[in-house]
Amino acid sequence: MYMQFGRVRDASRVFEEMPVINGDVFNSLIYGFRRNGFNEEVVVAFRKMVESCYVPNLDSVFHVIMACGKLGSIVDGNLIHDYVVQNGYNAHVTIANALISMYVKMGRLDLGHEVFSDLVARDVVSWNTLITGYAQSGNWMEAFDLFLCMREATNVVPNKVTLLGLLSACGQAENLGFGMSIHGHLIRAGLLSDFRLGTAVVDMYAKCESFDRARAVFEEDLFEKTLVSWNSLIAGYTRNGYAEEAVILYEMMTVELKLKPDSITFSNVVPAYASLANHGRIQSIHSLIVKKGFDMDGDVVLGTAMIDAYGKCLDLKAAKSLFTCIEGRNTATWNALIAAYNVHSHADQVMPLFVEMNRAQEVFDAITMVVLCQSCGELRSLKQGSMVHGLCHSKGFNSHLSVGNSIVDMYMRCGCVDRAEAFFNSMSFKNIVTWNIMFYGYVRSGHSATAIRVFRKLQLENLFKPDSVTIISFIQASSTAFICHGGEISHCHVLKLGLDSEIWVINSLLDAYAKNGLIECAKALFMQVGNLRDQSSWNVMIAGCGMNGQGREACDLLSQMEEDGHSPDSITFTSLLSCCSHCGLVSEGCRFFEMMVTKYNIQPDVEHWTCIIDLFGRSGKLEEAYQMIKSGLHQNYDAVWGALMSSCKTNMNMELGELIGDKLAKLAPDNCGYHLLLSNLYASSKRWGEVAKARRVFEDGRMVKKLGLSVIEC
DNA sequence: GTAGGGTTAG
């Protein structure tokens, strides 16, 4: 009675106090514990029962096996398995099925399969348990094979559960064809109205990136749209990189339909906001999670997603403090934290963290290796990179495609083209990403000709279809050859590959045309792409006009850009200011600077300051420029002071030049650059007394020979 | 008795 009302402790007390105990009492105790989810107690009671020489009934044997599966204890599992075999229980199909299920839950598909193979009279549950087990552990090939065997077998017919398992396998394998045939079968059999099967179909299509089909089933066939089906669809979009769509669905679900999200909804939508680097939304979801009382410290999956999200939004502090709170961290949790350090100038912290991870006895995986390789590449540390390569080799991660790709990338970033090539040649599996890393590496290290040769090889051998990343490297590589029709060749490739609707490819073409003096070609293409163009396209055109001496046109483009609905950013103003500075458009430059700060609220960086100081210098307003630097935060920028000194030189303003020179010499006595600027200033005055001063400055500054030459020349 | 949705990289 106590057990029926969930009062397990009271039931146990009654049991302890019973004067006479028999087998039936034990059996009902075991049943009671299991019904209430007290799995450890099930195992303990069963052990006591056997030790007291009572013979358990089939139900008790069944329950203790299932409890072992829940607990994941392989030791207890093996013990009970031995007991079952010794006492001949394994002839019962129910008991054998429980054993299969137990091993599946423990991730020991091999042992589960053994039980299955030894079983003579398999029923539909035996097949389903193993098929579902294989599907859930990612062994989808095994799941399909087993299904084919099942169809050959007599006395057994696949049922709903079989189909659920298969749909899950199709999703993981991204086997759209097989998934569609199961969908067809469900329609014919009239099973699509089953909400579990309907949801599994949505999930399968979402995992196969067939969003139109997923949406159609979701909207038209699912009479009962549960939270699970929403979550499936959101997960599909997030996983395949459609962050905006995931976010729209989430907002539709929570705002319009007022459905209450659960922790899985959050785990699905947080990575979407993270990839959009929407720090504000991440913070508001964080407080929503806390408000709803979800146990983020205990829910390691949700916690990991949040750590990753904060990392992507560059909020290391939040990522770190969440990490310390989470109990039961796993490899993914560590990986998320390490990856967070990898972004933005904390790559040097990655290796110490990895050491800490090992000290905490956490197993690392292929993803850890990928992140480690990235940090070595970022730091250009060949020594550490080679060590990581060695580690990958000894742990067998070398044959993992993503790890292999990141090893090639690491060698390329460290400037070791030879080693990158050697590893590339040794790889037995490659994909387009592998080739892209090679192309990009060649272009970056100045081996453009090799990049073009390898591109031709890829096309000739028809190995992989080039994608937008490939073609951008190709455009950059052939950029130097643009004058001799390189532009047209690249443009042809873009059209042939059907990549002309990808704006970043078009922007790359625009940039290459402009850099090679073919600004008219760039303009024609820019007009042609029309509404496809984005902020970056405008930036490329503004910079392009500037570098082709069309300063006024560049300036005019700004208002057109605004009319087109794109706001200028920091890069736009860098291009505009440098264009004004080169073309001597003083008043326009000052207007843009003012506009950047007041209208667009953009904090000027070193490039902006250098340009504006140069412009002031050109208009002879040296004193104003000096006051501007002194009053701002930018006084630590060497280049800004340098620009002012050069203006002093052009304007022959010795007084101010000297003042700045002295100030700088005091600020940074060892900075050769400052001394050079001052020596140059004196030297260019061509006055004997000042040249002598120049010499003194030169000697004081302990300068290298090259820097002093200009003084000696005078 | 077996049973639908989740985290980390690329």
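Naming: A, B, ... by sequence-line order, numbering from 1 per chain. Side-chain atoms are counted along with the backbone in the values below, which use heavy atoms only and exclude waters and symmetry mates.
- Among dA9(B), dT7(B), dG6(B), the nucleotide with an atom closest to any side-chain atom of Val371(A) is dA9(B).
- Less than 4.0 Å separates DNA chain B from at least one heavy atom of each of the following residues of residues 148-168 of chain A: Val161(A), Leu164(A).
- Residue Asn405(A) is out of contact with every strand shown, counting any heavy-atom pair closer than 4.0 Å.
- Closest to the side chain of Met66(A), out of dA9(B), dT2(B), dG4(B), is dT2(B).
- No donor-acceptor contact under 3.5 Å links the side chain of Thr129(A) to the base of dT2(B).
- If you check dG6(B), dG1(B), dG4(B) against the side chain of Lys207(A), the one that comes closest is dG6(B).
- For the pair Leu337(A) CG and dT7(B) P, the interatomic distance rounds to 19 Å; values are reported in whole Å.
- For Gln136(A) and dG4(B), the shortest distance from a side-chain N or O to OP1 or OP2 is below 4.0 Å.
- Closest to the side chain of Thr94(A), out of dG4(B), dG1(B), dT8(B), is dG1(B).
- Close placement of the Phe364(A) and Phe354(A) rings is indicated, their centers lying within 6.0 Å of each other.
- In this entry the distance linking CG of Asp194(A) with C1' of dT2(B) reads 15 Å, nearest Å.
- Look at Arg239(A) and you'll find a side-chain N or O under 4.0 angstrom from OP1 or OP2 of dG6(B).
- No more than 12 heavy atoms of other residues, nucleotides or ligands shown are found within 6.0 angstrom of NZ on Lys160(A).
- Residues Phe211(A) and Tyr205(A) keep their aromatic ring centres 6.0 Å or farther apart.
- With dA3(B), dG1(B), dT8(B) as the choices, the nucleotide that has an atom nearest any side-chain atom of Thr132(A) turns out to be dA3(B).
- The distance from atom CG of Asp365(A) to atom C1' of dT8(B) is 8 Å, rounded to the nearest whole Å.
- Using a cut-off of 4.0 Å between Lys/Arg side-chain N and Asp/Glu carboxylate O, Arg196(A) and Asp194(A) are scored as not salt-bridged.
- Closest to the side chain of Phe62(A), out of dT2(B), dG1(B), dG6(B), is dG1(B).
- Rounded to an integer number of Å, the gap from CD1 of Ile338(A) to C1' of dA9(B) is 12 Å.
- Distances from the side chain of Val125(A) to the nucleotides dT7(B), dG6(B), dT2(B) place dT2(B) closest.
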Name every donor-acceptor pair, under 3.5 Å, that has one atom in a side chain of residues 145-156 of chain A and the other anywhere in the protein, sequence neighbours excluded.
none

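- Residue pairs meeting the side-chain hydrogen bond (donor to acceptor under 3.5 Å, both in side chains) criterion with at least one member in residues 293-303 of chain A, sequence neighbours excluded: Ser263(A)-Asp299(A).
- Picking from dA9(B), dG1(B), dG4(B) the nucleotide with the shortest atom distance to the side chain of Arg196(A) gives dG4(B).
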